[in-house]
Amino acid sequence: MAINKTITLITGANGGIGFELAAQLLGDASKHVLLGSRSFEKGEAAVKELQTRNLPGSVELVQIDVTNEDSINAAVKEVEVKHGRLDALVNNAAIADAPGTSFRKLNEVFRTNVAGPYATVEAFAPLLEKSTRTPRIVNVSSGGGSIGLRLDPSNAFYTLKGDQYRVSKAGLNMVNACQAVEYGPKGWKVFSFCPGFTVSNLGPHNKVENGAKPTSEGAGPMVGILNGERDSEHGLLLKADGQWPW
Ligand SMILES: NC(=O)c1ccc[n+]([C@@H]2O[C@H](COP(=O)([O-])OP(=O)(O)OC[C@H]3O[C@@H](n4cnc5c(N)ncnc54)[C@H](OP(=O)(O)O)[C@@H]3O)[C@@H](O)[C@H]2O)c1
């Protein structure tokens with residue numbers, strides 16, 4: 001079914017920006033989306049919702065919890081058996097906060113937002129190696145993880161704390177740089193991408209009334225990145241209209 005299509009795995013795509021990205025990619029008949037979801041039920045509902053839209057591309061569910069190595073390895077096995085390769089991987093799954101003390105928050109958010117994407121790429125690398133296209137990795141990051149912006153008092157989010165999230169996205173940016181150095185020489189393209197403040201389930205503030213942009217706008221620029229339009233910006237922290245400083 002997907003042999004001639006570009007196969008893209010998006011983690012955490014049962015809702016929010018990941019779901020929107022899946023929907024936009026499916027507007028192209030040459031795309032096959034592996035909709036990643038840690039919950040089978042939520043993922044199944046998301047796939048059904050996309051299928052009812054009769055979009056030209058094709059979609060299937062891949063259950064993956066990025067904080068669980070067994071789950072990551074099972075997802076790799078499933079994609080290997082069904083498709084034998086992967087063309088693009090979008091590390092979208094993330095959390096903004098966790099219950100408990102700062103120590104617990106930092107550990108849990110770091111596990112999901114940093115260790116998860118690192119391990120997911122490492123596990124899928126052999127299948128990306130078998131891609132028949134230019135393999136692309138997009139790490140969905142945030143300007144909140146930019147050290148340069150954090151130190152800038154004129155930044156709109158200067159008074160917003162969320163240290164566990166900021167620290168995790170700074171860590172993800174380094175994961176991105178390490179992946180760019182590791183896989184770049186093979187011809188792969190690796191990017192950090194900040195969707196900007198967007199409506200989603202990430203936190204209680206991600207709502208239109210607080211100035212968040214539509215989910216479709218947050219996800220939209222990733223379609224161009226995955227189509228190779230920004231390959232010259234390999235390794236960098238991108239936003240819709242340029243780049244953020246590290
Ligand atoms: N929205 C913004 O303003 C904004 C700004 C900058 C960056 N971002 C980034 O954009 C990406 C998407 O976030 P979003 O705003 O769309 O938030 P969201 O609506 O909360 O979506 C996050 C997704 O990640 C999944 N997820 C969480 N932990 C997971 C795990 N361990 N394994 C697999 N999936 C997991 C969630 O699944 P469940 O449904 O099961 O919880 C959900 O599908 C994130 O990387 C976020 O940091 C968002």
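Indexing begins at 1, ligand by ligand and atom by atom, following the structure's order.
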Any [X] side-chain heavy atom under 4.5 Å of [Y] side chain:
X: L9; Y: V79; answer: no
X: P221; Y: F193; answer: yes
X: F157; Y: L149; answer: no
X: F124; Y: I64; answer: yes
X: N113; Y: L172; answer: no
X: N206; Y: V199; answer: no
X: Y158; Y: R150; answer: yes

Has ligand 1 got any nitrogen or oxygen that is less than 3.5 angstrom from a nitrogen or oxygen of [X]?
X: N201; answer: yes
X: G18; answer: no
X: G12; answer: yes
X: C194; answer: no
X: T112; answer: no
X: S142; answer: no
X: V66; answer: yes

Pick whichever of [options] has a heavy atom sitting closest to [atom].
atom: atom 44 (C) of ligand 1; options: N92, N14, N113, T67; value: N92
atom: atom 20 (O) of ligand 1; options: N91, L202, T120; value: L202
atom: atom 35 (C) of ligand 1; options: A212, G43, A93; value: A93

Please write down residue, atom name and distance for the protein heavy atom closest to [atom].
atom: atom 40 (O) of ligand 1; answer: R38 NE, 2.9 Å
atom: atom 7 (C) of ligand 1; answer: S141 O, 3.0 Å
atom: atom 14 (P) of ligand 1; answer: S200 OG, 3.4 Å
atom: atom 21 (O) of ligand 1; answer: G15 O, 4.4 Å
atom: atom 31 (N) of ligand 1; answer: D65 OD1, 2.9 Å

When you measure from the side chain of [X] to the backbone N and O of [Y], does any donor-acceptor pair fall under 3.5 Å?
X: R136; Y: T8; value: no
X: N176; Y: S192; value: yes
X: T11; Y: A93; value: yes
X: H32; Y: T6; value: no
X: K189; Y: E233; value: no
X: Q243; Y: L238; value: no

Heavy-atom distances under 4.0 Å decide this one: backbone, side chain, both or neither, for [X] against ligand 1?
X: A96; value: neither
X: A94; value: both
X: I17; value: both

Check your understanding: Given E60, which of K82, K5, K48 fulfils the salt bridge (charged side-chain N to carboxylate O under 4.0 Å, His left out) condition?
Key ->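 The salt bridge (charged side-chain N to carboxylate O under 4.0 Å, His left out) with E60 is passed solely by K82 among K82, K5, K48.
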Proximal atoms of ligand 1 relative to [X] (non-hydrogen, under 4.0 Å):
X: I64; result: 32 (N), 33 (C)
X: K42; result: 38 (P), 39 (O), 40 (O), 41 (O)
X: G16; result: 16 (O), 19 (O)
X: N206; result: 1 (N), 2 (C), 3 (O)
X: F197; result: 3 (O)
X: V140; result: 9 (C), 10 (O), 11 (C), 45 (O)
X: T198; result: 1 (N), 2 (C), 3 (O)

Exercise for review: Could you tell me whether E108 and R104 make a salt bridge, using a distance below 4.0 angstrom between a side-chain N and a carboxylate O?
Suggested key: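 Salt bridge between E108 and R104, a charged N being under 4.0 Å from a carboxylate O: no.
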Does at least one non-hydrogen atom of [X] fall below 4.0 angstrom from an atom of ligand 1?
X: G196; answer: yes
X: K169; answer: yes
X: Y165; answer: yes
X: P195; answer: yes
X: S71; answer: no

Point to revise | Verify same cluster id: V59, L86 (apolar side-chain graph, 4.5 Å) | key: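 Different clusters.
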Review point. When F191 is tested against each of I225, L226, L236, L237 for side chain to side chain contact (heavy atoms under 4.5 Å, CB included), which residue passes?
Key: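 When side chain to side chain contact (heavy atoms under 4.5 Å, CB included) is applied between F191 and each of I225, L226, L236, L237, only I225 qualifies.
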